[in-house]
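Here the structure is a predicted model, which means the values were calculated and not measured. What you see below is based on every heavy atom in this structure, not just the backbone, and it leaves out hydrogens, waters and symmetry mates. For ligands, and for the atoms within them, numbers begin at 1 and follow the listed sequence.
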Amino acid sequence: MSRDHWSGKDVLSILDFSRQDLEQLFALADEFIRRPGAVEKSLSDRIVATAFFEPSTRTRLSFTTAALKLGAKVVDLSPDASSVMKGESLHDTILMLEAYSDLIVMRHPSEGAALLASEVAKIPIINGGDGSQHHPSQAMLDLFTIKRLKGRIDGLRYAILGDARYARTVTSLLYGLSKYRPASVYLVSPEGLRLRSEIKATLEGFNLETQELDKIDDVLGKVDVIYMTRIQKERFPDVNEYERVKGSYRIDKATLVKAKGAIVLHPLPRMNELAYDVDSLPSAAYMEQARLGVPLRMALLDSVLGRTKK
Ligand code: CP
């Protein structure tokens with residue numbers, strides 16, 4: 001399997017990768033799942049740095065676990081305990097991480113921070129989320145989960161429920177879906193959480209058709225994948241704007257009675273929008289989605305770093 005297109009590359013946006021690249025990544029992740037005992041320690045001489053300027057459980061820890069499983073060592077910046085607190089610039093912080101490691105996985109509240117890091121550092125940068133813009137490894141994970149659980153990505157009907165305005169997971173998933181041929185994509189949000197016009201225009205340029213709806217009831221029973229997101233409270237420029245949409249959507253076990261055969265995904269963490277009583281349903285796939293983060297990110301690290309020369 002050729003990983004040439006991944007080797008040494010920055011992973012800033014899923015848009016930078018073709019469908020064929022993604023399929024190669026998924027095949028490698030499948031291989032790691034199928035033959036866990038045969039995983040090569042392909043990163044045994046490598047050091048992966050994590051630098052999360054925003055909180056994270058899944059992205060940071062699944063990248064760390066993935067790196068350790070491939071034999072790499074991991075150093076963590078922990079911004080609160082670093083010289084970032086003394087005012088050190090992102091530019092200089094990235095230069096230091098470049099001096100100490102072979103690849104940086106970073107998350108930052110500012111859109112474009114990962115791009116800036118990639119311009120400063122010669123080693124690969126993996127964007128673990130930059131503001132409301134991109135979260136490429138999450139979108140790769142979402143598509144991988146759908147492929148594993150539904151057998152395909154093409155031809156399915158998708159309902160994406162929640163914060164299409166600020167959730168980078170939604171934007172990145174839509175960018176990922178634009179490389180496939182979904183049968184339909186419904187964006188279900190209240191007025192204040194609709195997709196930003198510039199993202200809509202980008203998607204139209206990729207010929208990905210979306211339909212905006214107010215209520216999930218309108219499409220339950222007509223979709224194969226329900227992708228939930230929490231309201232990104234931390235991204236609202238005005239607390240009043242948040243107060244207007246707070247609690248405006250929620251699904252629970254009773255809601256899903258009509259959702260025949262659909263799987264429920266959520267990048268997590270969840271708040272009140274996804275009731276705990278959904279967890280017992282066979283359609284609840286979000287914990288499996290989070291678990292698949294390890295093999296998917298193993299495939300990503302191996303593809304980017306496993307074959308590069310030091
Ligand atoms: N899905 C996701 O990005 O989760 P974390 O914020 O916990 O990394």
Side-chain angles (χ1 to χ4, degrees), residues 11-14 22 25-26 29 48-69 74 76-80 103-114 117 125-149 158 160-177 193 225-236 251 263-274 276 278-279 284-301:
V11 181
L12 304 180
S13 162
I14 194 168
L22 296 175
L25 185 78
F26 302 158
V48 169
T50 54
F52 279 65
F53 296 81
E54 273 191 343
S56 167
T57 297
R58 280 146 289 273
T59 311
R60 185 167 62 85
L61 294 181
S62 61
F63 265 117
T64 301
T65 305
L68 294 172
K69 279 180 178 268
V74 180
D76 180 50
L77 173 72
S78 305
D80 285 355
L103 175 148
I104 303 168
V105 184
M106 69 175 283
R107 172 175 288 185
H108 200 281
S110 301
E111 296 189 4
I125 302 291
I126 296 184
N127 182 4
D130 62 329
S132 299
Q133 193 160 253
H134 294 291
H135 194 346
S137 70
Q138 180 67 47
M140 291 167 190
L141 169 58
D142 298 339
L143 295 174
F144 178 58
T145 306
I146 292 162
K147 188 158 189 202
R148 278 190 69 84
L149 298 185
Y158 296 83
I160 300 179
L161 173 59
D163 188 349
R165 186 171 182 78
Y166 296 116
R168 56 196 170 205
T169 54
V170 171
T171 316
S172 290
L173 176 58
L174 290 168
Y175 288 159
L177 283 174
L193 294 176
V225 177
I226 299 171
Y227 188 90
M228 298 285 300
T229 54
R230 75 180 168 93
I231 299 182
Q232 309 285 300
K233 183 180 178 185
E234 67 276 24
R235 309 249 180 257
F236 281 73
I251 65 168
I263 56 166
V264 181
L265 300 178
H266 192 312
L268 304 174
R270 70 170 136 185
M271 301 292 127
N272 290 332
E273 72 283 348
L274 178 59
Y276 280 80
V278 176
D279 295 6
Y286 32 91
M287 293 302 167
E288 175 64 2
Q289 179 187 7
R291 277 190 287 271
L292 290 172
V294 173
L296 187 279
R297 289 180 171 116
M298 285 170 74
L300 195 48
L301 289 173

**Study point:** Protein residue, atom and distance nearest to atom 4 (O) of ligand 1, heavy-atom basis
**Key:** R58 NE, 3.2 Å
Point to revise | Atoms in ligand 1 with a heavy atom of L268 nearer than 4.0 Å | key: 1 (N), 2 (C), 4 (O)
Check your understanding: So is E54 close enough to ligand 1, meaning a heavy atom under 4.0 angstrom away?
Key -> no
Check your understanding: Just wondering, are more than 12 heavy atoms of other shown residues or ligands nearer than 6.0 Å to CG in D279?
Key -> yes
Practice item. Could you say whether the N/O atoms of R60 and ligand 1 ever approach to under 3.5 Å? Key: no
Review point. What about the rings of Y227 and Y158, do their centers lie closer together than 6.0 Å?
Key: no
Study note, to complete from the structure: The atoms of ligand 1 lying under 4.0 Å from a heavy atom of P267, numbered in the order shown, are 1 (N), 2 (C)
Study note, to complete from the structure: ligand 1 to T57, heavy atom cutoff 4.0 Å, flagged ligand atoms 5 (P), 7 (O), 8 (O)
Exercise for review: Check whether the side chains of H135 and R107 place a donor and an acceptor atom closer than 3.5 Å, and report yes or no.
Suggested key: yes
Check your understanding: Where does T169 meet ligand 1, judged by heavy-atom distances below 4.0 Å: at the side chain, the backbone, both, or neither?
Key -> neither
Point to revise | Under 3.5 Å: donor-acceptor pair, side chain of H108, backbone of S110 | key: yes
Check your understanding: Considering only the protein, which heavy-atom contact is closest to atom 6 (O) of ligand 1, and what is its distance?
Key -> R107 NH1, 2.9 Å
**Study point:** Presence of salt bridge, R168 and E234, under 4.0 angstrom
**Key:** no
**Study point:** Note, T59 side chain near R297 side chain (heavy atom, < 4.5 Å)
**Key:** yes
